**Q** 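One structure coming up, written as C-alpha cells, with questions to follow.
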Amino acid sequence: MSAEQIQIEVAYAIPQRQQIIPLRVAAGTTVAEAIEQSNIKHYFPDIDLEQQKVGIWSKAVKLDQELREGDRIEIYRPLIADPKAVRRRRADQAKDEGRADPVTGGRRRRRAEADENEG
C-alpha cells in the first residue's frame, strides 16, 4: 500500500522568467524536501535556501513546515532595496517638487476641490 500523495506546486521567478512546477509528494513532506524533489535548482542554480526566504501562498514559513494538499511553495528573491527607504525617497522627492504637502507628505488638493469638499 502506497503513502497518501498530495498535489503541490513550487514557484520561483526572476524578472526575465518564472517557473511553476506541479508536483505530487507524500503527505508529511516538508517544504525543503519538496523544493529538493522539484529540481527547481536545475532552472535557477543561484537559489540559496540558507539566504532566501520561502512561503506558502505569500505567507512566510520555515523549511520544516509540512505541506498540505494544494499548497504552493514560493521561493522569494532577496530584496535589492529596502521598500521603506524607496517610499521615503519617493515622498521626499514629491515634497521637493511641490506635488506633496510639505507638512503631511500627502497629496496636495486643488483649492477648488478642498473648498467643495468642505462645503
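Excluded from the calculations below are hydrogen atoms, water molecules and symmetry mates; all remaining heavy atoms, backbone and side chain alike, are included. None of the values given here were measured: they were computed from a predicted structure. Throughout, residue positions are numbered sequentially from 1 according to the sequence presented.
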**Q** Calculate, to the nearest 0.5 Å, the distance between atoms CD1 and CD belonging to Ile6 and Glu66 respectively.
**A** 9.0 Å

**Q** With rounding to the nearest 0.5 Å, note down the distance linking CZ in Phe44 to CD in Gln18.
**A**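 CD of Gln18 is found 8.5 Å from CZ of Phe44.
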
**Q** Around atom CZ of Arg24, are there more than 12 heavy atoms of other residues, nucleotides or ligands at under 6.0 Å?
**A** yes

**Q** Are there over 12 heavy-atom neighbours, none belonging to Lys41, within less than 6.0 Å of that residue's NZ?
**A**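 More than 12 heavy atoms, drawn from other residues, nucleotides or ligands, come within 6.0 Å of this atom.
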
**Q** Specify the closest pair of heavy atoms between Arg77 and Pro15, including all atoms of both residues, with the distance to one decimal.
**A**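 Scanning both residues, the minimum pair turns out to be NH1-CD, 3.6 Å.
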
**Q** Are Ile20 and Ile75 connected in a single hydrophobic cluster, I mean Ile/Leu/Val/Met/Phe/Trp/Tyr linked by side-chain heavy atoms less than 4.5 Å apart?
**A**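 No, separate clusters.
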
**Q** Would you sort out whether Ile56 and Gln65 count as a side-chain contact (heavy atoms from CB on, under 4.5 Å), showing the intermediate values?
**A** CA-CA 10 Å; Ile56 295 176; Gln65 169 84 34; 4.0 Å; yes

**Q** To check you understand the geometry: which heavy-atom pair defines the closest contact between Glu33 and Thr29, and what is its length?
**A**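 Nearest heavy atoms, Glu33 then Thr29: OE1-CA, 3.4 Å.
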
**Q** Look at the side-chain heavy atoms of Ile, Leu, Val, Met, Phe, Trp and Tyr, link any pair under 4.5 Å apart, and say whether Tyr76 and Ile47 land in one connected group.
**A**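 They do not share one cluster, since no chain of ILVMFWY contacts under 4.5 Å joins Tyr76 to Ile47.
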
**Q** For the residue pair Leu23 and Ala34, what are the closest heavy atoms and their distance?
**A** CD2-O, 3.5 Å

**Q** Between atom CZ of Arg72 and atom CD1 of Ile8, what is the distance when rounded to the nearest 0.5 Å?
**A** 11.5 Å

**Q** Drop me the distance from Glu9's CD to Leu67's CG, to the nearest 0.5 angstrom.
**A**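 Going from the CD atom of Glu9 to the CG atom of Leu67 covers 12.0 Å.
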
**Q** Mind checking whether Tyr43 and Val54 sit in one hydrophobic cluster, side chains of I, L, V, M, F, W, Y counted as touching below 4.5 Å?
**A** yes

**Q** Quick check: closest heavy atoms across Glu74 and Ser58, and the distance to 0.1 Å?
**A**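 Closest heavy-atom pair between Glu74 and Ser58: OE1-N, 2.7 Å.
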
**Q** Any sub-3.5 Å donor-acceptor pair from Gln52's side-chain atoms to Asp48's backbone N or O?
**A** yes

**Q** Name the residue from Ile35, Ile73, Asn39, Ile40 that meets the side-chain contact (heavy atoms from CB on, under 4.5 Å) definition with Ile21.
**A** Ile40

